[in-house]
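Start at 1 and go down the list; that is how both ligands and their atoms are numbered.
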Amino acid sequence: MIRLGSNSPTRALILKNFGIDFIQNGGDFDEDSIKTTNPKSFCYEATKGKFDELYKKYGVDDMPLLVADSVVTANNKLLRKAKDEADARAMLELQSGNETSVITCMIYKSKEKELIDISITTYEFDKFDKEHMDEYIKSGECFGKAGAIMVEGFCKPYIKNVKGYESTAMGLCAQKLIAFM
Ligand SMILES: Nc1nc2c(ncn2[C@H]2C[C@H](O)[C@@H](COP(=O)(O)OP(=O)(O)OP(=O)(O)O)O2)c(=O)[nH]1
């Protein structure tokens, strides 16, 4: 059993799909406190901030702690979660017909060992269909997700090429976690 230090329904789904038993306790780390706009540095600092908060609160004596953060980058821009429909549209238009990378950092710590991992999955997307994109934005599914994308949902039909794990792109590199645990 591990503690998933996250509010993310997607991260919970990933652990469930990979058969990892967990309880879920999210934190309140303020990612707006991070100054860097370098995507990888931002992702690491967010993960470290989440870890420090939850390690202080729960420790790892009763079970290992897992936290993570994901950001998206396209044209070297840092894309976090969309604030509103206009933000989501701008993020999606930037990624339409473009190359997009999802960077996921995770920290796993048990009494015996610790993993800090930064994994990247890169997609080459076809141009997004405008009507489909409008529907997706209106559905609200674009919110709460880095870069406003859903690689297993909205983006799936547009994937021309992918390098890396889908789990990484969804928020937790499960394959590396399982290999390490
Ligand atoms: N379903 C889905 N979710 C995605 C995808 N890409 C990223 N996400 C989700 C995973 C995370 O919940 C969210 C990225 O935001 P954060 O890493 O800040 O995590 P979040 O604030 O959701 O939860 P946490 O900080 O762990 O409590 O986006 C995707 O392609 N599909």
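- Using modelled atom types, one side-chain atom of T47 and one backbone atom of C43 make a donor-acceptor pair closer than 3.5 Å.
- Applying the ring pair (Phe, Tyr, Trp, His ring centres under 6.0 Å) test to residues at least two apart or on different chains, the pairs with a partner in residues 45-81 are F51-Y55.
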Could you give the side-chain donor-acceptor pairs of residues 148-160 under 3.5 Å, partners two or more places apart or in another chain?
{"residue": "K156", "atom": "NZ", "partner": "E166", "partner atom": "OE2", "Å": "3.3"}
{"residue": "Y158", "atom": "OH", "partner": "D129", "partner atom": "N", "Å": "3.2"}
{"residue": "Y158", "atom": "OH", "partner": "H132", "partner atom": "ND1", "Å": "2.6"}

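- In this structure, S139 contributes its side chain and Y136 its backbone to a donor-acceptor pair below 3.5 Å.
- Under a 3.5 Å cut-off, the side chain of D84 and the backbone N or O of A86 do form a donor-acceptor pair.
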Which donor-acceptor pairs under 3.5 Å do side chains of residues 171-181 form with protein atoms, sequence neighbours excluded?
{"residue": "Q175", "atom": "OE1", "partner": "S167", "partner atom": "OG", "Å": "2.6"}
{"residue": "K176", "atom": "NZ", "partner": "D117", "partner atom": "OD1", "Å": "2.9"}
{"residue": "K176", "atom": "NZ", "partner": "S119", "partner atom": "OG", "Å": "2.9"}

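- Around ligand 1 you find S6, N7, S8, T10, R11, E31, K50, A68, D69, S70, K81, G144, K145, A146, I149, M150, V151, E152, A169, M170, each with a heavy-atom distance below 4.0 Å.
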